[in-house]
Number of protein chains: 2
Amino acid sequence: MKLQEAKQQFIQSWGVLGNQWGINRTMAQVHALLLISEAPLSTDDVMEQLNISRGNANLNIRELMDWGLVEKMIVPGDRKEYFVADKDIWQVATRIMAQRKKRELDPMLKVLNQLQEVEGDKKDPAIKSFTETIGNIRKFAGHAEKTIDTIIKAEENWFLNSFIKFFK
Amino acid sequence: MKLQEAKQQFIQSWGVLGNQWGINRTMAQVHALLLISEAPLSTDDVMEQLNISRGNANLNIRELMDWGLVEKMIVPGDRKEYFVADKDIWQVATRIMAQRKKRELDPMLKVLNQLQEVEGDKKDPAIKSFTETIGNIRKFAGHAEKTIDTIIKAEENWFLNSFIKFFK
DNA sequence: CTAATTTTTCAATAAATTTTGAAATTTCAG
DNA sequence: CTGAAATTTCAAAATTTATTGAAAAATTAG
């Protein structure tokens with residue numbers, strides 16, 4: 001497989017994967033493109049390489065910046081803005097986990113907490129059954145949240161460790 | 001909040017969450033409905049409670065069975081099929097993780113492995129840079145896969161433990 | 001400041017996904 | 001077997017989501 005072909009393949013696959021996980025396909029593709037670009041890219045570069053419109057490129061680049069996965073770069077003597085993706089894959093994973101936790105898990109936990117306080121006789125089997133199920137889910141979600149934090153902390157050095165091993 | 005209202009709220013929120021994670025909203029809602037139903041439900045029950053068509057209900061129930069989250073139940077003396085969701089939230093999470101790993105992570109890993117074998121001079125900076133980035137992602141994905149398995153094993157008793165504590 | 005260049009916005013359009021519902025198929029009690 | 005009841009299929013329709021592109025706004029070199 002030639003390099004250009006391989007790059008296209010990667011962009012394609014990263015897009016499919018992102019899409020399956022509820023992330024806009026184009027956003028994932030822009031991310032992939034920046035991940036495998038050695039030099040920073042301008043909006044025009046992204047438009048050209050992915051065959052997308054200016055509006056679309058702009059939208060997704062800004063979205064990636066919101067996620068903390070891409071940064072703006074100013075090239076002195078150039079009017080255009082350039083963009084680079086964080087190449088540290090551990091940082092990438094951590095940022096994505098943190099964002100999704102904040103945007104999706106936390107709101108769900110909030111709802112689950114509210115649902116615990118359902119009105120009525122606590123001994124009514126229907127109510128008991130409902131609060132028990134919700135309680136279990138809530139407890140699990142809370143646990144999962146802590147586990148994620150633990151993983152993030154515990155594995156923080158994984159990347160570093162793989163370098164240490166390399167030099168041993 | 002009344003029980004009925006709380007149930008609706010849960011179904012709604014579970015649907016939104018599923019949708020954000022790339023799971024069909026209705027599938028998540030059917031799952032939610034079955035999770036908080038004490039008794040097994042028929043296709044007609046699901047249709048009625050969620051206001052969806054027969055075809056849609058049938059499709060999503062079968063999809064949930066494919067995921068191993070819902071089981072068919074035969075009620076003797078009744079021609080209809082009934083369905084129940086696995087209420088063990090740990091089982092639910094494990095099944096979802098396992099399915100997604102198999103359906104999405106594994107294919108991505110396969111692609112990444114192929115991309116490592118790009119043609120050309122290994123000393124060419126462009127090729128070196130690409131294979132390095134891909135290599136890091138591949139290594140990370142492999143690590144993540146193992147971590148997931150480890151968590152599943154290590155946390156297997158979390159649910160059991162929360163019962164043990166309860167009886168202490 | 002001015003004007004050229006770049007970025008952002010957003011209504012219209014296109015694409016992708018989901019849903020419907022009726023017909024075809026399957027199942028099973030009698 | 002038979003036929004009523006239930007399940008499955010699938011093309012068409014509806015809905016949701018993503019994309020375009022041109023106009024408006026913002027930026028900056030001179």
Side-chain angles (χ1 to χ4, degrees), chain A residues 11-34 40-67 70-84 100 103-104, chain B residues 11-34 40-67 70-84 100 103-104:
Chain A
I11 291 168
Q12 191 58 31
S13 300
W14 203 245
V16 170
L17 187 69
N19 196 231
Q20 287 169 328
W21 286 80
I23 284 158
N24 180 302
R25 178 188 266 100
T26 302
M27 174 170 151
Q29 288 181 340
V30 174
H31 185 218
L33 175 63
L34 289 171
L41 301 184
S42 68
T43 301
D44 290 85
D45 295 331
V46 172
M47 284 168 65
E48 197 192 340
Q49 297 220 39
L50 299 181
N51 279 296
I52 59 175
S53 71
R54 184 171 301 284
N56 200 8
N58 181 265
L59 182 85
N60 286 296
I61 289 170
R62 275 182 306 124
E63 193 76 1
L64 283 165
M65 290 198 293
D66 278 353
W67 281 68
V70 162
E71 283 203 348
K72 195 182 284 188
M73 247 203 148
I74 300 301
V75 174
D78 196 333
R79 197 88 173 257
K80 274 191 193 131
E81 296 177 336
Y82 288 82
F83 306 93
V84 273
R100 300 207 79 150
R103 295 176 190 208
E104 295 145 17
Chain B
I11 291 168
Q12 190 59 31
S13 300
W14 202 246
V16 170
L17 186 69
N19 196 231
Q20 286 169 328
W21 285 81
I23 284 159
N24 181 299
R25 178 187 269 102
T26 302
M27 175 171 150
Q29 288 180 340
V30 174
H31 186 218
L33 175 63
L34 289 170
L41 301 184
S42 68
T43 300
D44 290 83
D45 296 330
V46 171
M47 284 168 65
E48 196 192 340
Q49 299 220 38
L50 298 181
N51 278 296
I52 60 176
S53 71
R54 184 171 302 285
N56 200 7
N58 180 265
L59 181 84
N60 286 296
I61 289 170
R62 275 182 307 122
E63 193 78 357
L64 283 165
M65 291 199 292
D66 279 353
W67 281 68
V70 162
E71 283 204 347
K72 194 181 285 188
M73 247 203 147
I74 301 300
V75 174
D78 196 333
R79 197 80 176 266
K80 274 190 192 133
E81 295 178 336
Y82 288 82
F83 305 94
V84 273
R100 301 208 80 151
R103 295 176 190 207
E104 295 145 16

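Residue numbering restarts at 1 for every chain, and letters A, B, ... go by the order of the sequence lines.
Panel note: side chain A:Asn60, backbone A:Asn56; a donor-acceptor pair is recorded below 3.5 Å.
The aromatic rings of B:Trp21 and A:Trp21 stand perpendicular to each other, their planes meeting at an angle above 60°, with 30° marking the opposite boundary.
Note that NZ of B:Lys72 and CZ of B:Phe83 are 6.0 Å apart. Values are rounded to the nearest 0.5 Å. B:Gln29 contributes atom CD, which lies 9.0 Å from atom CG of B:Asn24 (distance to the nearest 0.5 angstrom). Distance check, rounded to the nearest 0.5 Å: CD of B:Glu104 to CG of A:Asn19 gives 10.0 Å.
When the nearest nucleotides of DNA chain C are assigned to A:Thr43 and B:Asp78 by heavy-atom distance, the more 5′-ward of the two goes with A:Thr43.
Of all nucleotides in DNA chain C, those with any atom nearer than 4.0 Å to a heavy atom of chain B start and finish, going 5' to 3', at C:dT18 to C:dC28.
Look at CD on B:Gln20: it is 14 Å from C1' on D:dT17, rounded to the nearest Å.
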*Would A:Tyr82 and A:Asp45 count as a side-chain contact (heavy atoms from CB on, under 4.5 Å) if you check the C-alpha gap in whole Å, the side-chain angles of each, and the deciding distance to 0.1 Å?*
CA-CA 9 Å; A:Tyr82 288 82; A:Asp45 295 331; 4.3 Å; yes

_Quick one, B:Lys80 with B:Asp44, criterion side-chain contact (heavy atoms from CB on, under 4.5 Å). Give me CA distance, side-chain angles, the key distance, then yes/no._
CA-CA 9 Å; B:Lys80 274 190 192 133; B:Asp44 290 83; 3.3 Å; yes

*Could you write nucleotides 18-24 of chain D as a row of B, S and -, 5' to 3', where a protein heavy atom under 4.0 Å of any base atom gives B, of only sugar-phosphate atoms gives S, and otherwise -?*
SSBB---

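In the displayed structure, A:Met65 atom CE is contacted under 6.0 Å by more than 12 heavy atoms of other residues, nucleotides or ligands.
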